[in-house]
Amino acid sequence: MDGWRGRPRGTITRSLEVCVADQETQQPIEQLIANRREKLKTLRDLGVDPYPRRFRVSEAVSVLRERLERIPADELAEKPPKVRMAGRIQAIRGHGKVAFADLTDGVKKLQVYVRRDRLNEAAWQLFKLLDLGDFIGVEGEVFRTRTGELSVAADQLALLAKGLRPMPEKYHGLADREARARQRYLDLLANPESRAEFEARSRLVSGIRRFLEGRGFLEVETPMMHPIPGGASARPFVTHHNTMDMDLYLRIAPELYLKRLIVGGFERVFELNRNFRNEGVSTRHNPEFTMLEFYWAYADYELLMDLTEEMVCHLAESVVGSLTLPWGETTIELARPWKRLSLKDAVLEYSDLSPEDLGERSRLEKAAEHFGIDRIAERSDGKLLAELFEATAESHLMQPTFITGFPRVISPLAKSTEDDPETVERFELYMGGMEIANAYTELNDPVEQRRRFEEQARATGGVIDEDFLLALEYGMPPTGGEGIGIDRLVMLMTNRSSIRDVILFPLLRPRPAE
RNA sequence: GGGCCGUUAGCUCAGUGGUAGAGCAUCUGACUUUUAAUCAGGUGGUCGCUGGUUCGAUCCCAGCACGGCUCACCA
């Protein structure tokens, strides 16, 4: 992949012309690369292997730095420690027969001090052929410079890997959002805050595992390729198995498989992995995204709300170090307990609609029309209510809020409440104006589940997962189940407004071929 | 998919209807404790692509590509 966009698309003839021109005038990036290739050749001529196999280090640069910083200056001067370290050259400051270079392991940097009279001639020649971005190994003594900078005075220098392309600018870093996503390695190198955000993501994910394992949950892996897509209503990606001559769907949710495991006697399971939905791309949607789903036998959605509060607070404490999250212009307070609000009450709170407007069909349709909701006629009352919620309340729900009171018709896998068969025991968690979690007391009545599937199939089409119904017929204990969108949780914890900023390699259109 | 905005040197950014500038990087030279090192000098651009208007377009217009924001889609 060539990041250079200036080269014209053209015929072979034209390309040849460009090549010929290169040799005389040289295109800019190619000139920079040519400079480095020339140095590479010179190094080889000097007998240097520019890509050696190994270099034993005493410690990583950042570990070394942390340890050495604690040694008092006089002790350092008296008994200079000998070290071997390796890293990427971030900066070179030449001073004639002396030079300084910043060496980094990506976390911290440590200065290398090079003196001509301290090195042999070959090492000095090597140093002069180094570029920003090259990997080197250094052996030397630690000291502090006149200005107090911790440094390693090099006795030995080794080239570990020569870079052929210039690094992004050291001061401003890499700002172009497209380049940052396409060449994430450059983003990570040039923008420390980006690196920190992905480290935060990693801590969050491992924190979830520890939290759930600590409560007796077992991590499992269920199929990514489903013969029947289920567990959600999104459009799936389709693929094909050749020798079985069978269409398969990349999973839109693991739900139906995880519940089979509850049937099978695993009472607490979770899966933390990718889902794929063939829908639009936006700042809150990537076609593949990471979802935590967990199922807990003998629990219900009330217990899940408690667990969710506990888990998210715990994660914020360990990832951010606070229960107050900066979020754009505002802040999110995670202190418990969190607000609970029914779907209807949320609509009423964030609109001028009255309870009567949400009652009979004609009033509901009128309200939906007022908020610009389309395909009104074909949508159920419940769906219209959910649409109204999205149109009025969702974007305002900054503070953590459990939305409850979901209609049965849009919740085919959730169990009804005791006093109202049209409402289910379900909640969605909203924070920062986004849906973060979706949970319910699972429907475990196989006859009722079949009826719901049939109701759904009539309304929206689709195939009934008979294999899942078969499992339910063997008996599933009362169970609470929940899904949490990990990417969005990371967005909240790192204060990023775009999901692309928290996914290392988000889906992008390929650059057009040259 | 719709609307709005953007695309200028490797990177970060200025700028103009008469074919372009800065800082960093790069190259040359000076410099034995610097750290956005400094000083002196130099190289580097079909201003995203294609077409139109114009005597003349990087600039105005249209289409296209890619991206950003937003709306739609998305239990």
Side-chain angles (χ1 to χ4, degrees), chain A residues 3-10 14 18 21 25-36 38-39 90-102 109 111-118 131-133 143-151 153 165-182 186 190 231-235 252-253 277-285 287 289 343 372-375 379-380 382-383 385-387 389-391 406-414 424 426 428 435 438 440 456 460 483 497-498 500 508-513:
Chain A
W4 188 50
R5 303 181 224 144
R7 176 184 284 171
R9 272 197 260 179
R14 198 164 172 189
V18 170
T25 61
Q26 288 195 333
Q27 298 297 310
I29 181 62
E30 275 137 16
Q31 189 170 23
L32 296 174
I33 293 170
N35 287 343
R36 288 173 178 240
E38 186 60 34
K39 290 178 185 172
Q90 216 174 21
I92 297 175
R93 294 174 291 280
H95 289 261
K97 295 177 185 62
V98 161
F100 301 89
D102 292 337
K109 64 181 185 188
Q111 180 168 267
V112 178
Y113 176 57
V114 180
R115 287 174 68 106
R116 185 168 192 173
D117 57 17
R118 203 185 163 106
D131 285 302
L132 301 188
F143 74 108
R144 280 188 187 275
T145 63
R146 194 151 52 190
T147 51
E149 181 75 25
L150 197 63
S151 308
R165 285 174 185 270
M167 293 287 117
E169 199 222 21
K170 61 186 171 189
Y171 191 56
H172 297 96
L174 188 66
D176 183 81
R177 292 176 69 101
E178 181 183 352
R180 288 178 58 186
R182 276 188 201 284
L186 294 182
S233 75
R235 281 145 65 198
I252 54 177
R277 296 188 182 177
N278 206 340
E279 308 285 355
V281 175
S282 78
T283 45
R284 288 180 294 283
H285 301 262
F289 62 100
L343 197 61
I373 292 161
D374 48 276
R375 307 206 315 262
R379 290 179 156 172
S380 64
K383 181 65 182 165
L385 182 63
E387 290 288 332
F389 167 81
E390 283 179 30
F406 280 83
R408 194 208 73 228
V409 288
I410 58 167
S411 314
L413 297 163
V424 294
R426 171 182 176 186
E428 286 186 351
E435 180 191 339
N438 181 16
Y440 32 84
Q456 191 192 22
T460 59
S497 59
S498 174
R500 258 179 227 193
L508 298 170
R509 267 200 181 75
R511 297 229 56 108

- Query: Given B/U26, B/G44, B/C69, which nucleotide is nearest the side-chain atoms of A/Ser498?
  - Reply: B/C69
- Message: Work out how far the P atom of B/U38 is from that of B/C24, and round it to whole angstrom.
- Response: 7 Å
- Sticking with atom C1', work out how far B/C74 lies from B/G51, rounded to a whole angstrom. 39 Å
- Message: Using heavy-atom distances to pick each residue's nearest nucleotide on RNA chain B, tell me which of A/Ser411 and A/Thr147 is more 5'.
- Response: A/Thr147
- Query: Who are the side chain to side chain contact (heavy atoms under 4.5 Å, CB included) partners of A/Val409, not counting sequence neighbours?
  - Reply: A/Ser380, A/Pro407, A/Glu455
- Query: Between atom CZ in A/Arg182 and atom C1' in B/G68, what is the gap in whole Å?
  - Reply: 13 Å
- Tell me: CD of A/Glu178 to P of B/G68, nearest whole Å? 7 Å
- Query: Considering residues at least two apart in sequence or located in another chain, which fulfil the salt bridge (charged side-chain N to carboxylate O under 4.0 Å, His left out) criterion with A/Glu149?
  - Reply: A/Arg65
- Could you tell me whether A/Glu428 contacts a base, only the sugar-phosphate backbone, or nothing, with contacts defined as non-hydrogen atoms closer than 4.0 Å? sugar-phosphate
- Query: Rounded to whole angstroms, how far apart are OH on A/Tyr171 and P on B/U35?
  - Reply: 14 Å
- Task: Could you list the residues that satisfy side-chain hydrogen bond (donor to acceptor under 3.5 Å, both in side chains) with A/Thr145, not counting sequence neighbours?
- Result: A/Thr147
- Item | Touch class at under 4.0 angstrom, heavy-atom based, for A/Arg177 against every strand present | sugar-phosphate
- Message: Taking only the P atom of each, what is the distance from B/U43 to B/U54 in whole angstrom?
- Response: 38 Å
- Message: Using whole Å, what does the distance between atom C1' of nucleotide B/A9 and atom CD of A/Glu30 come to?
- Response: 13 Å
- Message: What contact category does A/Leu132 fall into here, base, sugar-phosphate, or nothing, at under 4.0 angstrom with non-hydrogen atoms?
- Response: sugar-phosphate
- Message: Once you apply a heavy-atom cut-off of 4.0 Å, does A/Tyr113 come out as touching a base, just sugar-phosphate, or nothing?
- Response: base
- Name the nucleic acid region contacted by A/Asp117, choosing base, sugar-phosphate or nothing; use a 4.0 angstrom heavy-atom cut-off, strictly under. base
- Message: Please report the distance, rounded to the nearest Å, between CD1 in A/Ile33 and C1' in B/C27.
- Response: 16 Å
- Within the structure shown, what part of the strands sits under 4.0 Å from A/Phe143 by heavy-atom distance: base, sugar-phosphate, or nothing? base
- At under 4.0 Å between heavy atoms, what does A/Arg509 touch on the DNA or RNA strands: base, sugar-phosphate, or nothing? sugar-phosphate
- Assign A/Gly382 to base, sugar-phosphate, or nothing according to its heavy-atom contacts below 4.0 angstrom with the strands shown. nothing
- note: A/Asp131, atom CG; B/G10, atom P; distance rounded to Å ~ 17 Å
- Task: Please confirm whether the backbone N or O of A/Gly133 pairs with a side-chain atom of A/Gln90, one donor and one acceptor, at under 3.5 Å?
- Result: no
- At under 4.0 Å between heavy atoms, what does A/Ala386 touch on the DNA or RNA strands: base, sugar-phosphate, or nothing? nothing
- Here the helical stems involving RNA chain B, each at least 3 consecutive Watson-Crick or G-U pairs closer than 3.5 Å, sorted by first residue number, are B:1-7 with B:65-71, B:10-13 with B:21-24, B:26-30 with B:38-42, B:48-52 with B:60-64
- Is the base of B/U33 touched by the side chain of A/Arg146 through a donor-acceptor pair closer than 3.5 angstrom? no
- Message: Between B/C4 and B/U58, how many Å separate the two P atoms, rounded to a whole number?
- Response: 25 Å
- Item | side-chain hydrogen bond (donor to acceptor under 3.5 Å, both in side chains) partners for A/Ser498, two or more places apart | none
- Heavy atoms under 4.0 Å, any strand shown: does A/Lys39 hit a base, just sugar-phosphate, or nothing? sugar-phosphate
- Query: What residues, two or more places apart in sequence or in another chain, satisfy ring-ring contact (aromatic ring centres under 6.0 Å, His included) together with A/Phe100?
  - Reply: A/His95, A/Tyr113
Between protein and nucleic acid, restricted to nucleotides 21-23 of chain B and to nitrogen or oxygen atoms under 3.5 Å apart, what atom pairs and distances do you find?
| from | atom 1 | to | atom 2 | distance (Å) |
| --- | --- | --- | --- | --- |
| B/G23 | N2 | A/Glu169 | OE2 | 3.1 |

- What does A/Glu38 touch in the nucleic acid at a heavy-atom separation under 4.0 angstrom: a base, only the sugar-phosphate, or nothing? nothing
- In whole angstrom, what separates A/Phe100's CZ from B/U35's P? 9 Å
- Atom P, compared across B/U16 and B/U7: separation rounded to whole Å: 13 Å
- Query: Are side-chain heavy atoms of A/Lys97 and A/Asp117 found at a separation under 4.5 Å?
  - Reply: no
- Query: Which part of the nucleic acid does A/Gly231 contact within heavy-atom distance under 4.0 Å: base, sugar-phosphate only, or nothing?
  - Reply: base
- side-chain hydrogen bond (donor to acceptor under 3.5 Å, both in side chains) partners of A/Asp131, counting only residues at least two apart: A/Lys39, A/Lys162
- Task: Take atom C1' in B/G42 and the same atom in B/G68, then report the distance between them in whole Å.
- Result: 38 Å
- Message: Does A/Gln111 contact B/U34 through a side-chain donor or acceptor facing the base, at a distance under 3.5 Å?
- Response: yes
- Any A/Arg93 side-chain N or O less than 4.0 Å from OP1/OP2 of B/A37: yes
- Classify the side chain of A/Asp176 and the base of B/U12 as holding, or not holding, a donor-acceptor pair under 3.5 Å. no
- Round to the nearest Å and state the distance from A/Gln31 atom CD to B/U26 atom P. 13 Å
- Message: Pick the closest RNA chain B nucleotide for A/Met167 and for A/Arg277 by heavy atoms, then say which residue is nearer the 5' end.
- Response: A/Met167
- Message: Below the 4.0 Å mark, does B/U70 have OP1 or OP2 next to a side-chain nitrogen or oxygen of A/Thr283?
- Response: yes
- Using the P atom in both, what is the distance from B/C5 to B/A62, to the nearest Å? 10 Å
- Is it true that a side-chain atom of A/Arg277 and a backbone atom of A/Ile252 form a donor plus acceptor pair closer than 3.5 Å? yes
- A/Leu174 near the nucleic acid: base, sugar-phosphate alone, or nothing, with a heavy-atom cut-off under 4.0 Å? sugar-phosphate
- Message: Contact between A/Leu132 and A/Ile92 at the side-chain level, heavy atoms closer than 4.5 Å - yes or no?
- Response: yes
- Message: With a cut-off of less than 4.0 Å, is there a side-chain N or O of A/Lys170 near OP1 or OP2 of B/A37?
- Response: yes
- Message: If I pick the P atom on B/A36 and the same atom on B/A72, what distance separates them, to the nearest angstrom?
- Response: 48 Å
- Residues which pass side chain to side chain contact (heavy atoms under 4.5 Å, CB included) with A/His172, listed by chain and number, not counting sequence neighbours: A/Glu169
- Item | A/Ser411 side chain vs A/Ala414 backbone, donor-acceptor pair below 3.5 Å | no
- Item | Qualifying residues under side chain to side chain contact (heavy atoms under 4.5 Å, CB included), relative to A/Ala391, sequence neighbours excluded | A/Phe371
Pick out the pairs of N or O atoms, protein on one side and nucleotides 71-73 of chain B on the other, that lie under 3.5 Å.
| from | atom 1 | to | atom 2 | distance (Å) |
| --- | --- | --- | --- | --- |
| B/C73 | OP1 | A/Asp374 | OD1 | 3.4 |
| B/C73 | O2 | A/Gly280 | N | 3.3 |

- Task: Please determine, by modelled atom types, if A/Gln111 and A/Arg144 share a side-chain donor-acceptor pair under 3.5 angstrom.
- Result: no
- Item | Contacts of A/Arg375 that satisfy side chain to side chain contact (heavy atoms under 4.5 Å, CB included) - sequence neighbours left out | A/Glu378, A/Arg379
